[in-house]
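Reading through the structure tokens given below for one structure.
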Amino acid sequence: MNFSKNITYWYSNNKRDLPWRKTKNPYHIWLSEIILQQTQVNQGLPFYEAFVNHFPSVFHLAEANEAEVLKLWQGLGYYSRARNLHASAKYVANELQGVFPNNYKELLKLKGVGDYTASAIASFCFNESTAVVDGNVYRVLSRYFGIDTPINSSKGSKAFKALAQELIDGNNPSEYNQAIMEFGAIQCKPKNPDCLACVFQDTCVAFNENRVDALPVKIKSAKAKKKYFNFLVFISDDGKTILEQREGKGIWQNLYQFPLIETPSDISETVFQEHLSAHSLLKGQDYTWSLYNKDAIVHKLSHQHLYTRFWIINIKELNAQTIPINSIRDYAVPILIGNFIEEFSF
DNA sequence: AAAACGGGGTT
DNA sequence: AACCCAGTTTT
């Protein structure tokens, strides 16, 4: 029994029952793969159901507004995935008459579809023998073969892709690709893998050399930078507030937020008062304000730690583009804002 | 080659 | 606090 046969057999006995495993429809597989990028199955599952229900076909998705797509994506993170998903849906619907590309090379042309996702769709839907290499595959291969090349180096990504491609079962690339990922997800886990009940115990290099905990090797990323966000939650006497759409580069592109004052460090109420006095929206206006959260809310992204304060500003009238507070839940917002909206009694 | 890009779960 | 997740794109 070789590696591929063994792992495919393990899969047939241990795989989870997941909705995208009941279909070969490339639209559904594509949706699931984009949603699952850097996202655990349990987190992605409800979003997959929501997208399939809300957009039953690629044409429904293509005809939606980006705002609607972002709203449904709210809370899942990496919002470029949603923007690229929508752009690619338009491309498939309008340029390809709704017919998905049926091979790795053409799939790679879709925005948001890289090497992993193109390989996944090509193999799952069209039985093309292209190996997937995701975080699970890196872990399983580095341990089984005892490879300590950093998985996130360019040398490593090429080497592991080549190895995976050598190992793929050409007779059943779909099952094999899913098998090695599932094996990594539920048995050859990052921490406390179940080596004592592993079918590869005899031949796993890491297990036999006691190097399981040392593999895979990964180059450490830079520490997260701290940022200081002050959100201005305006409340007018006639029930309105202000939401602004984020634009340009950076986090949360095209999502909405309360007007933001970013400062180089955490600020006191005294310093905040100075910012407010200089604010264009409030020139010559009567208003009262209060700080919602005495301790900064720390919102942790992979590369930034956001120290956040919400400042409530009551004002008679707003001379700016406003929205009715009772429609605030229609807008796609970062979960940091969404949590505040749910928590705060307007 | 390195950094940017979210949010949630585990250890 | 560090690490990980069915990665991709930009710098």
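In the text below, chain A, chain B and the rest are named by the order of the sequence lines, each starting its count at 1. Note that the structure is a prediction, hence the values are computed from the model and not measured.
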May I ask you to say what V113(A) touches in the nucleic acid, namely base, sugar-phosphate or nothing, with a heavy-atom cut-off under 4.0 Å?
-> sugar-phosphate
Closest-nucleotide 5' rank along DNA chain B - winner of S153(A) and Q37(A) = S153(A)
Between N84(A) and K191(A), which is nearer to the 5' end of DNA chain C once each is assigned its nearest nucleotide?
-> K191(A)
Heavy-atom side-chain proximity of Y138(A) to N152(A) below 4.5 angstrom = no
Any side-chain N or O of H303(A) under 4.0 Å from OP1/OP2 of dC5(B)?
-> yes
Quick one: is T117(A) getting a side-chain N or O under 4.0 Å of the dT8(C) phosphate, OP1 or OP2?
-> yes
Looking across every strand, which nucleic acid part, if any, lies under 4.0 Å from W73(A) by heavy atom: base, sugar-phosphate, or nothing?
-> nothing
How are the rings of H28(A) and Y48(A) set to each other: parallel, tilted or perpendicular (split at 30° and 60°)?
-> perpendicular
Mapping K249(A) and K220(A) to their closest nucleotides on DNA chain C, which lands nearer the 5' end?
-> K220(A)
Scan residues 296-322 of chain A for pairs that pass ring pair (Phe, Tyr, Trp, His ring centres under 6.0 Å), counting only residues two or more places apart or in two chains.
-> Y228(A)-Y307(A), F231(A)-F310(A), F272(A)-W311(A), W289(A)-W311(A), F310(A)-F340(A)
Short side-chain N/O contact to dA1(C) OP1/OP2 from K300(A), under 4.0 Å = yes
Quote, to the nearest angstrom, the C1' distance that separates dG8(B) from dT9(C).
-> 23 Å
CH2 of W252(A) versus C1' of dA4(B): gap in Å, rounded?
-> 14 Å
Counting distance only, does the side-chain N/O of R309(A) pair as donor-acceptor with the main-chain N or O of N293(A) below 3.5 Å?
-> yes
